[in-house]
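Below: one structure, written as structure tokens.
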Amino acid sequence: MSNLLEIKNLHAEVEGKQILKGLNLTINKGEIHAIMGPNGSGKSTLSYVLMGHPSYEVTEGEILFNGENIVEMETDERAALGLFLAFQYPHQISGVTLFNFMRSSLNSLEKKRTGIDPQKDKKLSSKSVLQFSKKLSAKMKELGIDESFQKRYVNEGFSGGEKKRAEILQMAMLEPTLAILDETDSGLDIDALKIVSDGVNRLASPERSALVITHYQRLLNYIKPDFVHVLWNGKIILSGGPTLALDLEDKGYDWVKEEYSERIAA
Amino acid sequence: MKQETLLKENIITREQIEERSRLNNEPEWMLSKRLRSWMIYEESLEAKKERIDFSNINFEEFIFSEKRKNDSSFNVENLFSHKEARSGIVVSVDGKKKQEFLSDELRAKGIIVSDLHSAMQTHPQLVEKYFMNDCVQINDGKHVSLHSAMWDSGMFVYVPKNVNVTLPIQSHYILKETNTIFFPHLLVVVEQGSSLTFIDTVASNDEGNDVVVSGVTELFVGEGARLNFVALQEFGENVVYRNFKRAMMKKDSMLTWIEVALGGKISQENVEVYLEDSGIKAEIVGIYFTEKEQKMSFDTLQKHIAPHGYSNLLFKGVLTDKSQTSFEGMIRVHKGAQKTDAYQKNQNILLSLGARADALPELEIEADDVRCTHGATTAPINKEDLFYLMSRGLTHKEATYLLTLGFFSEAVDKISVEDIREEVMKFIMNQLEEVK
Amino acid sequence: MQNEEVQELVSTDYKYGFVTNVEVDEAPKGLSEDIVRFISKKKNEPEWMLDSRLKAYRHWLTMKEPTWAMVDYPTINYQDIIYYSAPKKKPTLQSLDEVDPEILKTYEKLGISLDEQKKLSGVAVDAVFDSVSVATTFSEELSKHGIIFCSISEAIQKHPELVQQYFGSVVPYTDNYFATLNAAVFTDGTFCYIPKGVHCPMELSTYFRINAVNTGQFERTLIIADDDSYVSYLEGCSAPQRSESQLHAAVVELVAHTNATIKYSTIQNWYSGDKDGKGGIYNFVTKRGICKGNNSKISWNQVETGAAITWKYPSCILKGDNSIGEFYSVAVTTNHQQADTGTKMIHLGKNTRSTIVSKGISGVFGKNTYRGLVRISPNATNARNFTQCDSLLLGDKCSANTFPVLEVDNPTAITEHEATTSKIGEDKIFYLTSRGITKENAISMIVNGFAKQVFNNLPMEFAVEAERLMEISLEGSVG
């Protein structure tokens, strides 16, 4: 089995404050990993650091993606490698329609991956618009998103659940090799949760992996992880199988705190 | 700019104004209006210091400088190939009428689309009634006084009562000559219960010496009438431009005013709306994109004189290179203009180091039962938005491009004429391609 | 809501309008070089101070009174003003016991008994009565920390090197008409120096009162916070009711060095004139602070309920990198009051931040104008400004104006300006009265809610007083 993502001794800070303090994690192709942890443990920071948010600085360690260190890479270059982040708080982009946004994304990714600008080739372009439009409509149908959303501005006036669904739609369109879901379950009712999970599960394949970041076990009833990790004070202090999530649900984070106080403090 | 010493004889004289009036075969009232304006101009003090400085441009000097012909490649024929049909088109080059078209149907309904000089002969009462009387006045500032003394060309558009003009009427004002000054005058009257979409395009090539344009625009929107006014300025880099524009609105009328400023070297525009009676709705949108060392300034006024008025003004600009803009907006609510609802917003994005945007959003409120808000923001492209787009694979440049288009679309979407909307968007896209 | 009711609510009488009978030592009316010399001599000033005054006076003669503000008032006759008036008893006091009991009573009436303050609240007070500082509490205690808190006259005598270094360094004598006049004839004021690394253990406070007839008050305040220090300073003002208008032209200078913070809070309750607009204080004040060092902070907080005319723009020059400027203001104008107030935030350093929150409340014939400038200079990379100015209108004859200027000369800067003007919400009044609250209280509650953001920024003792003052300005019998 070959590994897709390998994080070695990762230290990262934001605005001078150290958040990640020596994090190690390996994800192989085809695996689904869940990261759980209390608020402020560094979960969202990890997702931002993986995607290359400009405010977060890696001070030590490596992030290897298919064996290549991506720490110095621009965000869009990481996207071209196949990383995808479903945001906890997706941004509103005024004036840019979802249709236009996704089309620009796919064009840009294709240009980076193949070196050919599909928009420059007229024949290719018109053909791809048609294909693109069909694909977008199909995926929207799958996720139960009304087709009118294509013409709406990205996330503007979307409800919480609609925003999360739009994130999964983008994931479905971009077909990443590693999908990072940052608290995608927060604020979703059961129906929406199922739709979102179905979207993630549909993408599963022996070539694709996912990193599910969540505070609650609930989501993991729908997206079955192969591994569960507990992140605390910027490090992974505990790893295990799917049952670990259930233990956490059962005994709460206080239990971890008592049991592993040394690892947390270390 | 050429700084030739002003010769003693290069001073406007009574004789010159009389000559100008006589050559145009003008009626007596017009000559006397010119002369009164000239007197006001002569007596008026130096114009107040403006944020965008015009002081090194001597407008009078251009009146006496020797015109240069420019073999501009501007293709006038293209102007007729609009995607969306027009019910009327007028093309003038260097202030002279070149082509004119008005559908027979509209002509039969009494609609007038004519150059101002001809209109003075064919419809003397109408022109006398509306020309610089109630709307823009000859003492509305030094530049306006000079304009009304010296105006040289113009357009008169008149829609009589209860006529709906469904397709737009468009004027193309093209400049080819340089080293001179033009004083164009636009007069649009939409009478009670009528409706009109009017597009005023002004353009020139980038070539040659400086040329100055000092215009006045008067818009009348009668009771219950609707006017859709689009002004599109695509002058070349050699143009110094001023235009004093004012709309007078009557009871229950509606106005959508889109002001697009893209060209010119220095430009200053007054955009004023007078809500003279109750139940008026006015929407004013400004779009500007500046580059190189361009300087632009907008002075806007939403003047609420009567109760139950609504006005909403939105000016959006993107600045690159070393360009400068100034937005000075005023909402003035007079005593008794109760239940006024007025909004004003100015937003700027600075894309380059060295660009500068000033914003002065002002309120003067003398009525108590009102709702007035204004806001102004100046900021770079939002970092989080950039990150979001880049996480989906767009490069920094692509993301900036898309976000800038998105920034404008709120304003551009308000242009009701499709081909104009596309033209503006295309222009912005081309400009953006050039930004580093 | 009937307009008359609101008008009655907002036009109650001034409660601080008593006169104190104290024997005074006065200069003759009028202004001349001799008067400037007289003041300087009275205060036994060194040569350099007199020179500085004379330079200012000569410059003032070349200046014109500014007219750009949105305020109307009759021409001020500068020769009809008494420029120096002091209680006869010498201001050099050993303890509070020596203060004229009449003056002490005055302060008690104002609710700031020095004695009580000393015992209970732990606020150090410097009280300025007409032209001189009459008492300073807690100086001794403060001096243990190396803090200098005294009248400016005393500082000129005892700490000339500090005064010479900073006096006029933020507001130069050429700054503006009223500041120049102040530099020539200032009579007293407060001086405060917080040494390096000292967190001032108590709130420092000055209470200004104009008492004598026809006097102008020209106080001068200078506060210096050295590296890593902190000080919170409170300023209160009042004056008796008189039918003639009186001039108050103060200058306040603040200097914040590296990592220092100065919080300056004002409750201004000068006499505002009667219902017909007769009398009242003309309040022309120049207040400016400089954030000189990196990471320094200056916060202006003001509640302006008094004065017939207010002309005042407390400003911050954000010179040090990462420095912060704040302006929180509530201005109430009722009857014939006029206020033209606001702030200037001049961003020079990198990562400088400023926040402006201005709340204007106009009633009856009141005229309230916000005037502000936010300037982002080319070097102020990543500067940020947020401005919010809201106006509340309580009558149909009052007016509210907003004149902000934003100049952005750096593409990394983010500036946001928001403003609203609206009538007091009838729905809100209805909602509150439907719960059994009187209209008068409902209005008071709504207005207080409107101003809450600013009150929250005031020190505790002041916040309570500010709310009470607002109630007084708005209270009254509903007909």
Side-chain angles (χ1 to χ4, degrees), chain B residues 51 307 317-383 435, chain C residues 1 3 6-7 70 360 362-379 381-426:
Chain B
R51 292 203 157 240
V318 170
L319 291 76
T320 69
D321 304 328
K322 294 206 177 308
S323 59
Q324 273 184 42
T325 65
S326 158
F327 168 86
E328 192 164 350
M330 170 68 84
I331 296 177
R332 187 171 288 137
V333 180
H334 290 246
K335 273 199 174 68
Q338 300 291 21
K339 305 280 179 199
T340 287
D341 228 343
Y343 303 87
Q344 179 203 81
K345 193 154 82 176
N346 174 228
Q347 295 177 309
N348 296 297
I349 290 182
L350 270 55
L351 288 181
S352 318
L353 209 68
R356 168 170 169 159
D358 292 355
L360 294 82
E362 304 177 333
L363 300 172
E364 268 183 35
I365 317 284
E366 289 185 348
D368 70 322
D369 195 0
V370 299
R371 176 98 199 134
C372 296
T373 71
H374 70 200
T377 60
T378 299
I381 297 276
N382 184 288
K383 272 187 200 160
V435 178
Chain C
M1 176 101 211
N3 275 322
V6 182
Q7 309 223 346
M70 290 284 279
S362 327
V364 197
F365 297 101
K367 201 191 237 180
N368 216 321
T369 298
Y370 169 84
R371 190 184 301 277
L373 169 69
V374 174
R375 164 117 191 80
I376 312 284
S377 67
N379 294 328
T381 309
N382 292 324
R384 289 208 63 157
N385 160 264
F386 174 76
T387 302
Q388 187 188 338
C389 22
D390 298 327
S391 307
L392 193 62
L393 299 163
L394 303 177
D396 58 357
K397 289 187 182 66
C398 55
S399 63
N401 305 312
T402 316
F403 303 123
V405 179
L406 287 99
E407 297 178 350
V408 183
D409 223 332
N410 185 300
T412 60
I414 301 177
T415 62
E416 289 172 78
H417 173 97
E418 287 171 14
T420 62
T421 301
S422 55
K423 188 188 179 180
I424 188 162
E426 278 177 39

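Heavy atoms closer than 4.5 Å to chain C are found in both the backbone and the side chain of B:T378. For B:A359, the parts lying near chain C are the backbone and the side chain together; criterion is any non-hydrogen pair under 4.5 Å. If you measure heavy-atom distances from B:Q338 to chain C, the contacts under 4.5 Å come from the side chain alone. Proximity to chain B is limited to the backbone of C:A413, based on heavy atoms less than 4.5 angstrom apart. Residue contact with chain C, scored on non-hydrogen atoms closer than 4.5 Å, involves the backbone of B:A367 exclusively.
Ranking C:I414, C:V405, C:T421, C:L373 against chain B, the residue ahead of the rest is C:T421, based on heavy-atom pairs under 4.5 Å. Counting heavy-atom pairs closer than 4.5 Å to chain B, the top residue among C:A419, C:S399, C:S422 is C:A419. Of all the listed residues (B:P380, B:A342, B:A379, B:G354), the one sharing the greatest number of non-hydrogen pairs under 4.5 Å with chain C is B:P380. Residue with the most contacts toward chain C among B:L350, B:I365, B:L360: B:I365 (heavy-atom pairs, distance under 4.5 Å). Put simply, of B:H374, B:E362, B:K383, B:E366, the one with the most heavy-atom pairs under 4.5 Å next to chain C is B:H374. Contacts with chain C were tallied for B:T373, B:I349, B:L319, B:I331; B:T373 has the most, counting heavy-atom pairs under 4.5 Å. The greatest number of non-hydrogen atom pairs below 4.5 Å with chain B, out of C:P378, C:S362, C:C389, C:P411, is found for C:P411.
Using a 4.5 Å heavy-atom threshold, the side chains of C:L406 and B:D358 count as separate.
In this structure, C:S377 and C:D409 approach most closely via the heavy-atom pair C-CB, 4.1 Å.
Side chains of B:D321 and B:S323: a donor-acceptor N/O pair is absent below 3.5 angstrom, by distance only. Inspection of the C:T420 and C:D390 side chains reveals an N or O donor paired with an N or O acceptor under 3.5 Å.
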task: Test C:I424 against C:L393 for side chain to side chain contact (heavy atoms under 4.5 Å, CB included), laying out the working first.
output: CA-CA 6 Å; C:I424 188 162; C:L393 299 163; over 6 Å; no

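With hydrogens and angles disregarded, a donor-acceptor distance shorter than 3.5 Å links the side chain of B:Q344 to the backbone of B:G329.
Contact check on B:R371 versus B:D341 returns no salt bridge, with no Lys/Arg side-chain nitrogen under 4.0 Å from an Asp/Glu carboxylate oxygen. Between C:R384 and C:E416 a salt bridge is recorded (basic side-chain N to carboxylate O distance below 4.0 Å).
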